[in-house]
Colleague: 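Let me begin by handing over the structure; questions about it come next.
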Protein chains: 2
Amino acid sequence: MRNRLPVGKTGDVNTATVETPSTQDLIRRAAMTLFASRGYEATTLQAVAEVVGISKQAILHHFRSKEELHDAVLRQLIDHWNRTLPHLLVTASATRNRFDAVFSELVAFFQADPDRARLVLRELMDRPDVTRKLLSDVIGPWLSSIATYVRIGQERGVHRADVDPEAYLLQVLQLAIIGVATADVMSAIVGEGPEGRERSARELARIAHASLFSPRPVA
Amino acid sequence: MRNRLPVGKTGDVNTATVETPSTQDLIRRAAMTLFASRGYEATTLQAVAEVVGISKQAILHHFRSKEELHDAVLRQLIDHWNRTLPHLLVTASATRNRFDAVFSELVAFFQADPDRARLVLRELMDRPDVTRKLLSDVIGPWLSSIATYVRIGQERGVHRADVDPEAYLLQVLQLAIIGVATADVMSAIVGEGPEGRERSARELARIAHASLFSPRPVA
DNA sequence: CCTACCGATCGGTAGG
DNA sequence: CCTACCGATCGGTAGG
């Protein structure tokens, strides 16, 4: 029942040619950051409002409720995933080592905005039931398609025969997510700052690779 | 500063052979479950009280504040970890394949009570700064000791030369934690119920093993 | 978009 | 005096 006024331009002031993010966008971004770092319950609409620089009630003008704002943030994440996926696969198939390309793109997707990884992790923990279905829908197709690729590699002897493709890919996905989400905390143990993160990232890639590919016969 | 009275009775000696958990224990357990499944902010003292079957004020008699209750729950987890660690290492060193034993004990530690994994994950996300220091202190020694073992294996050619011991162990630890914490949700994708969990657990162990050990020469 | 509010419930504390 | 609690309510703030 709320008006869906185009937020930027009601007519007058907006002569700016630069694409200014809409208020909705600003709210979504702020909410994403807060949901990711504090969790849904601990995030108050007031806190979101203060980041954006508007009132709490202004947020409730754009989003009917806190829950609706949460849904919008999630949908944005899913949409971005679905838009990125095809590109990810195309890039990968054009590469000699297809798997390493897919894996690095996967990690890059989350590293480009660590809030994505944190948000997914929070969803997994806070709303397991809802997230179960959601995950099946979103990553199910992706999983099947890459699993097929893994199986082909197994038939050719490139991939280890004892790999469980779907289970393997899920574990790798989980590693990428938690690796990004807790990078600052965990990697600090193996080394402060960027150095620790670098070591963690490299080892992550090594584990994913070594546990998939058959040992090369000594040339 | 709280008295540490034997929780059962004041006067009569411990004639009861059955160890009744103290009210403090009951509160801690209930709080652990709720903190793990909902997070600190989303857990109300009222909810903890209802699980235990006492009043909210009774909880605040045993624990000065919600924060103090949270600290007690964490301390309990850390204490249990520190008590379990020696046994874990002894068991492992008595086994032929020491690493697999350590790893399975590690997973077992979290699987024995999935709330442990969930709680650690929540701490990592909710209080990264505090948890960073905590983790260094708690798992630092453990990490160093096992890393040394990995290095010995590397010198003997049993372990892959390109393994980064500390980084590897951290990744494995993370895998165990997230694997247990999100087992129900993630494993449902590869198969409903126990079957999916079993596949996930097996693949997890396989990944940890295959990415550490050198490929065996074909006999 | 804001000011002015609501029913409810938060963590914590009062006296008994 | 102590303990282990209770019913009632504090000042603030949540989502709406």
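To find a chain, count down the sequence lines: A is the first, B the second, and so on, and within it residues start at 1.
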Colleague: The side chain of Thr44(B) lies closest to which of these nucleotides: dG11(C), dT3(C), dT13(C)?
Modeller: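 From the listed options, dG11(C) comes nearest.
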
Colleague: OP1 or OP2 of dC10(C) versus the side-chain N and O atoms of Thr43(B): is any pair under 4.0 Å?
Modeller: no

Colleague: Looking only at side-chain atoms of Thr23(B), point me to the closest of dG16(D), dG11(C), dC5(D).
Modeller: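 So the nucleotide nearest the side chain must be dC5(D).
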
Colleague: Mind calculating the distance between CG (Leu60(B)) and P (dA8(D)) to the nearest angstrom?
Modeller: 18 Å

Colleague: Tell me if the side-chain of Gln46(A) makes a donor-acceptor pair with the base of dG15(D), cut-off 3.5 Å, by modelled atom types.
Modeller: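 For Gln46(A), whose side chain was compared with the base of dG15(D), there is no donor-acceptor pair (under 3.5 Å).
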
Colleague: Counting side-chain heavy atoms from CB outward, which of dA4(C), dC2(C), dG12(C) is closest to Ser65(B)?
Modeller: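 Closest nucleotide among those given: dG12(C).
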
Colleague: Does Ser55(B) have a side-chain nitrogen or oxygen under 4.0 Å from the phosphate oxygens OP1 or OP2 of dC6(D)?
Modeller: yes

Colleague: When the ring centroid of Phe103(B) is compared with that of His209(B), is the distance short of 6.0 Å?
Modeller: no

Colleague: Quickly work out the Ile59(A) CD1 to dG16(D) P distance and round it to whole Å.
Modeller: 11 Å

Colleague: Whole Å only: how far is the NZ atom of Lys56(A) from the P atom of dG16(D)?
Modeller: 9 Å

Colleague: Find the distance Ile27(B):CD1 to dA4(D):P and express it as a whole number of Å.
Modeller: 11 Å

Colleague: Find the distance Glu68(B):CD to dG12(C):P and express it as a whole number of Å.
Modeller: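 About 10 Å, once rounded to whole Å.
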
Colleague: Checking contacts here: which listed nucleotide (dC2(C), dG16(D), dG12(C)) is nearest the side-chain heavy atoms of Ile54(A)?
Modeller: dC2(C)

Colleague: Is NZ or CZ of Arg116(B) both nearer than 6.0 Å to the six-membered ring centre of Phe109(B) and within 45° of the ring axis?
Modeller: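 Checked: cation-pi criterion met.
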
Colleague: Check this for me: does any side-chain nitrogen of one of Arg122(A) and Asp126(B) sit under 4.0 Å from a carboxylate oxygen of the other?
Modeller: yes

Colleague: Rounded to the Å, how far apart are Gln24(A) CD and dC1(C) P?
Modeller: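 Distance, rounded to whole Å: 9 Å.
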
Colleague: Nearest-Å distance, CZ (Phe63(B)) to P (dC5(D))?
Modeller: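 That distance rounds to 12 Å.
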
Colleague: If only side-chain N and O atoms count, and only distance matters, is there a donor-acceptor pair under 3.5 Å linking Tyr40(A) with Glu67(A)?
Modeller: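 The criterion, which ignores hydrogens and geometry beyond distance, is satisfied for Tyr40(A) and Glu67(A).
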
Colleague: For dC2(C), take OP1 and OP2 only and decide whether either is under 4.0 Å from a side-chain N or O of His61(A).
Modeller: no

Colleague: For the CG atom of Leu119(A) and the CZ atom of Phe35(A), what is their distance to the nearest 0.5 Å?
Modeller: 8.5 Å

Colleague: Rounded off to whole Å, could you give me the CG-to-C1' distance for the Leu45(A) and dC1(C) pair?
Modeller: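 Spelled out: CG on Leu45(A) to C1' on dC1(C) is 15 Å.
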
